[in-house]
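Heads up: the structure comes next, in structure tokens.
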Amino acid sequence: MTSAPTASVRTDDLLERHGEHVMQTYGEPTQVFVRGDGVALFDAEGRPYLDFLCGLAVTSLGHAHPAVTAAVSHQAATLVHTSNLFVTPPAVELAARLARITGWADARTFFANCGATANEAALKLARRHGKRQRAGKVRVVTLEGSFHGRTFATLEATGQPAKHAPFEPLLGVVDTVPYDDADALRAAVTDDTCAVLLECIQGEGGVRPVPDDVLVAAREACDAAGALLIIDEVQTGIGRTGPWFAFQDTPVVPDVITVAKALANGLPIGACIARGAAATALERGEHASTFGGNPVVCAAANAVLDTIERHDLLAHGARLSAAIVAGIEDLAATVPLVRGVRGRGLLLGMELASPVAAAVASACSERFLLVNAVAPDVLRLAPPLVATEQDVALALAALRESLTAVAGATTEETP
Ligand SMILES: Cc1ncc(COP(=O)(O)O)c(C=O)c1O
């Protein structure tokens, strides 16, 4: 894969203009990408990078997938927007498909625009469900280390106090318990609880699987208290961890799931999917979004789901996962810096013996492999479902070189 080089001054120029005109809310960027094709992202100099990060677990079909491009182009030329005063075919088709892949015949979807707004919808839905039982039934239980978004409600539900501090006071309705303590969770769910919100694998929290006994405790406590179990599948959904949704690999069935990231392979979408009584908890006029269910975005999502099914990409992802896990276990046996691997499917965390994940990620980038440090000592790998075994071999070789380089540099620094 090659690309005509664009002007070589463009990277510096763009970074400078970004610094001048874009709010500086993210870490300081050092790289510019101008094009994508399959597993590759191309920088302004036309150099291809193996993208094993997928824009934070989003582009699961790779970049510029022809089926998505065709669906978006066709829909953009047909009908782009109507608002939710009217019904359009792609949104209805998508909602029906989501009901099928959740396995919930009575599922209903609210379409949002991203993960946070999908969770915001779920939290509002849970509050309505709670308040119908009792006025004070408005509290939410979440887990330490979770990440659910950056709106005020989802920020409070995010179990990372450092992210709260600049914005306090928050709503004051969230109770947070350790991610691996079933008894603490049971004790936190009271008559005032309207929902438990959690991820099966904490993505931003360091690719940390939540133990099954905590999930079971959450389900049982919700049933006993008349609360809803909401599973945030924003990062884990759409085949990222193996099945369509991570909960499908666990002993529990939630009342509500939220999905975003990979659903439209990079176009902005969020979905709050509910079953049973939760599916009708929000009534007419109680929630809305101008862009939710946008026809272009929903056409992209329909193409994503269709492509995954047509090419049996969930099974392919499982094979890739096994190859990566075996490769990391081999690294762990031979490179002292590597402790092991956690996560499932293609949401994997390489555990390091010291807090050098950022250095390893940048060494990988120098070797044209994109991964990221999701915790000081954990490197996240989230390759696309369309990667090949050869891509995996290339990535493992780049990882080995990067780890060796960082280990060498660390040893040199040690007096
Ligand atoms: C599990 C989870 N929930 C919610 C969000 C928020 O999604 P968004 O950034 O699309 O609002 C994220 C983003 O990383 C996430 O990983």
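As the structure is a prediction and not an experimental result, all values here were calculated from the model. Whatever order the structure lists them in is the order used to number ligands and atoms, beginning at 1.
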Between [Y] and [X], is the closest basic N to carboxylate O distance under 4.0 Å?
{"X": "Asp175", "Y": "Arg139", "value": "yes"}
{"X": "Arg219", "Y": "Asp212", "value": "no"}
{"X": "Arg150", "Y": "Glu120", "value": "no"}

Which atoms of ligand 1 sit under 4.0 Å from any heavy atom of [X]?
{"X": "Asp232", "answer": "1 (C), 2 (C), 3 (N), 4 (C)"}
{"X": "His148", "answer": "3 (N), 4 (C)"}
{"X": "Cys114", "answer": "10 (O), 11 (O)"}
{"X": "Glu199", "answer": "1 (C)"}

Going by the 4.0 angstrom heavy-atom rule, the piece of Ala116 near ligand 1 is both

Region of Lys261 that comes within reach of ligand 1 [heavy atoms, distance under 4.0 Å]: side chain

Pick from Glu204, Gln202, Glu199, Arg240: which one makes a side chain to side chain donor-acceptor pair (under 3.5 Å) with Gln235? Glu204

Short side-chain donor-acceptor distance under 3.5 Å, His63 and Asp37: no

Tell me, please, whether Tyr179 has Arg208 positioned over its six-membered ring: NZ or CZ under 6.0 Å from the ring centre and within 45 degrees of its axis? yes

Report yes or no: does a heavy atom of Asn119 sit under 4.0 Å from some atom of ligand 1? yes

